[in-house]
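Read through the structure below, which is laid out as structure tokens, and then see the notes.
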Amino acid sequence: MDHAAVLARYDRQMRQGARPDGPGVRVERDGPVVRQTGPAHAWNGILWSGLGALDADAAIAEQIRYFTGRGLAFEWKAYGHDGPADLPGRLLAASFTAEPAETLMVADIDDLPLDTPPPDGVTLRPVTDAAGVRLLTEVHDRAFGTDSSRIGRRLLDQLTTTPDEVAAVVAMAGDTPVSGARLELSPGIGFAGLWGGGTVEGWRGKGIYRALIAHRAKIAAERGHRYLQVDASEQSRPVLERLGFAPLTTTTPYVYEPSAR
């Protein structure tokens with residue numbers, strides 16, 4: 001894989017050329033910034049920016065005005081290769097809060113093992129309706145220790161309005177959900193995105209995570225996508241590297257909460 005070429009393609013297709021990821025959501029270009037905006041439970045934020053040292057502060061201030069004027073918290077998704085070099089410091093100075101950095105990793109689906117079954121006693125259940133969404137949010141709450149209700153609302157919106165652009169799966173041990181993950185797809189785009197992949201304590205290290213990746217990779221291949229992309233945490237990066245994912249750059253969410261200002 002030509003890492004530089006794939007990263008440039010990712011920037012063009014997934015950031016500069018991003019498409020709305022749900023109903024009521026729109027993607028807009030505002031000068032050197034591409035942003036997504038929608039309902040409060042949607043992902044609202046900056047997908048791409050092409051800023052220089054002279055215009056960065058003004059662009060940041062304009063996006064704060066835009067989102068706070070709509071009463072929305074938002075995320076500035078900053079990548080390690082974005083300019084200017086001091087963009088992270090400028091965001092922090094503008095009262096954004098940095099969340100843990102992740103690694104953008106990409107794999108060519110043809111290079112991935114697609115025949116990895118779940119461990120004995122575990123089955124994979126596709127998520128297709130509200131009941132499945134409840135199972136997924138339940139397992140995410142347990143795995144990550146966070147409230148996944150917003151993710152659940154977004155997923156249900158997608159399943160209802162654009163079911164060809166999302167796939168989700170829950171790993172079940174009998175009647176108990178023990179892991180879950182999502183796959184986001186945009187027709188005609190080379191990349192499909194892996195999201196979630198949370199496994200509850202006591203079921204980790206048994207191969208469920210790898211099985212969920214293989215399951216979603218098959219779906220992406222069947223839909224005509226060449227690459228899988230994931231924002232990997234420090235915990236998942238070693239597993240993904242062993243499977244054949246390559247690190248391309250870092251990505252850090254910078255969050256602005258109007259109510260906290």
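Just so we're clear, the structure is a prediction, and the values are computed from it rather than from any experiment.
- Taking the six-membered ring for Trp and thresholds of 30 and 60 degrees, Phe191 and Tyr227 have nearly parallel ring planes, at less than 30 degrees apart.
- Remark: Arg35 CZ to Glu28 CD distance equals 4.5 Å, nearest 0.5 Å.
- For the pairing with Val33, the side-chain contact (heavy atoms from CB on, under 4.5 Å) check across Leu47, Ile46, Ile60 returns one residue only, Ile46.
- The two residues Ala40 and Leu72 have their closest heavy-atom pair at CA-CD2, 3.9 Å.
- The closest side-chain donor-acceptor pair between Thr199 and Ser179 falls under 3.5 angstrom.
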message = Checking Asp21 against Arg154 for the salt bridge (charged side-chain N to carboxylate O under 4.0 Å, His left out) test, could you report, in this order, the C-alpha distance in whole Å, the side-chain angles of both residues, the deciding distance, and whether it holds?
response = CA-CA 9 Å; Asp21 65 1; Arg154 286 172 54 197; 3.4 Å; yes
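- Closest non-hydrogen pair, His3 versus Pro247, comes out as ND1-O, 4.2 Å.
- For the pair Pro187/Arg19, a side-chain contact is recorded, criterion being any heavy-atom separation below 4.5 Å from C-beta on.
- Closest approach of Thr249 to Leu7, counting heavy atoms only: CG2-CD1, 4.1 Å.
- Gly180 and Val139 make their closest contact through N-CG1, 3.8 Å (heavy atoms, listed as atom of the first residue, atom of the second, distance).
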message = Determine whether Val34 and Val27 satisfy the following criterion, side-chain contact (heavy atoms from CB on, under 4.5 Å), listing intermediate values before the conclusion.
response = CA-CA 7 Å; Val34 176; Val27 173; 3.7 Å; yes
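- In this view, Glu99 satisfies the side chain to side chain donor-acceptor pair (under 3.5 Å) rule with no residue, not counting sequence neighbours.
- In summary, the side chains of Trp43 and Gln36 do not present any donor paired with an acceptor at a separation below 3.5 Å, with no hydrogens or angles considered.
- The two residues Asn44 and Gly38 come nearest to each other via the heavy atoms OD1-N, 2.7 Å.
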request  = Test Met172 against Leu135 for side-chain contact (heavy atoms from CB on, under 4.5 Å), laying out the working first.
outcome  = CA-CA 9 Å; Met172 304 290 296; Leu135 289 174; 4.2 Å; yes
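- As a member of the Ile/Leu/Val/Met/Phe/Trp/Tyr network built from side-chain separations under 4.5 Å, Leu185 groups with Met105, Ile109, Leu112, Leu114, Leu183, Leu194, Tyr209, Ile213, Ile219, Leu228, Val230, Val239, Leu240, Leu243, Phe245.
- Leu92 and Ile64 fall within the same hydrophobic cluster, defined by Ile, Leu, Val, Met, Phe, Trp and Tyr side-chain heavy atoms under 4.5 Å apart, directly or through other members.
- Looking at Arg237 and Glu241, a side-chain N of the basic residue comes within less than 4.0 Å of a carboxylate O on the acidic one, giving a salt bridge.
- Note on ring orientation: taking the six-membered ring where Trp is involved, the planes of Phe96 and Phe74 are perpendicular (angle over 60°, cut-offs 30° and 60°).
- Between Pro32 and Asp55 the shortest heavy-atom distance is CG-OD2, 4.1 Å.
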